[in-house]
Amino acid sequence: MKCLVDGDVLKADKAEAHTGYGCKSCKGSWLPKSFIDSIQYTKEFEPQKFFSTLSKSVHETTSSKCPVNCGALSSIADIDGISYCPSCLGVWFESKALKSMLNNYQIKREGAAIADIPNASVGIFDLLGALFK
């Protein structure tokens with residue numbers, strides 16, 4: 001796969017702690033749909049809502065080709081630095097656009113902490129059980 005900006009080869013790597021393909025020179029990131037879907041496991045992120053927003057937004061076909069060669073990318077008028085492929089639903093993030101987007105979502109919590117349960121009486125075994133979950 002080649003970078004949309006400068007044609008450099010995209011390298012598989014972590015992009016803001018998520019697996020993706022990045023360009024060393026322009027710092028852009030390509031995340032295939034499955035990688036976008038995986039964000040829901042670390043952030044309070046709903047991929048279906050994200051893709052729905054992309055498809056419903058006013059977009060314009062760009063001259064950039066999808067890195068996996070399935071069509072032309074579309075840019076989103078309301079969202080700076082993001083283009084997506086309507087065919088494969090992969091998303092191109094310009095430098096810092098992925099970080100900016102991820103900052104809009106809270107880190108996902110695995111479950112309610114004991115301190116979050118008001119007026120709970122907690123025994124020693126409940127406490128130990130919570131610690132070793």
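Because the structure is a prediction, the values reported are computed rather than measured.
- Residue Asp37 holds its CG atom at 3.5 Å from NZ of Lys33, rounded to the nearest 0.5 Å.
- Closest approach of Gly7 and Lys2 over heavy atoms only: O-CD, 3.1 Å.
- A donor-acceptor pair is defined here as one N or O able to donate and one able to accept, closer than 3.5 Å; such a pair exists between the side chain of Ser38 and the backbone of Phe35.
- With contacts defined as side-chain heavy-atom distances shorter than 4.5 Å, the pair Met101/Ile39 qualifies.
- Using a 30° and 60° split on the angle between ring planes, Phe50 and Phe45 fall in the tilted class, from 30° to 60°.
- Inter-residue side-chain proximity for Trp92 and Cys85 is flagged as unmet; no heavy-atom pair is nearer than 4.5 Å.
- When atom types are taken as modelled, the side chain of Thr53 and the backbone of Lys49 share a donor-acceptor pair closer than 3.5 angstrom.
- Side-chain contact between Lys43 and Lys108 is absent, with no heavy atoms from C-beta onward closer than 4.5 Å.
- With Val68 as the partner, the side chain to side chain contact (heavy atoms under 4.5 Å, CB included) test is satisfied by one option alone out of Ser87, Cys88, Pro32: Cys88.
- Using a 4.5 Å cut-off on side-chain heavy atoms (C-beta onward), Thr42 and Tyr105 make no contact.
- The minimum heavy-atom distance between Trp30 and Leu10, with the atom names listed, is CB-CD1, 4.0 Å.
- Note on ring orientation: taking the six-membered ring where Trp is involved, the planes of Tyr84 and His59 are perpendicular (angle over 60°, cut-offs 30° and 60°).
- Residues Cys23 and Asp6 meet the side-chain proximity criterion, which asks for heavy atoms closer than 4.5 Å.
- Annotation for Leu89 and Phe51: closest pair O-CE2, 3.3 Å, computed over non-hydrogen atoms.
- The distance from the CG atom of Asp8 to the SG atom of Cys26 is 7.5 Å, given to the nearest 0.5 Å.
- Around CG of Asp80, the count of heavy atoms belonging to other residues, nucleotides or ligands within 6.0 Å does not exceed 12.
- Taking OG of Ser63 as the reference point, atom CG of Leu73 lies at 9.5 Å (rounded to 0.5 Å).
- Taking 4.5 Å as the limit, some side-chain heavy atom of Leu4 sits within range of a side-chain heavy atom of Pro67.
- Atoms OG1 and CD1, from Thr62 and Ile76 in turn, are 10.0 Å apart once rounded to the nearest 0.5 Å.
- Cys3 is not listed as a side-chain neighbour of Ser25, based on a closest heavy-atom distance of 4.5 Å or more.
- Between the OG atom in Ser29 and the NZ atom in Lys99 there is a gap of 12.0 Å [rounded to 0.5 Å].
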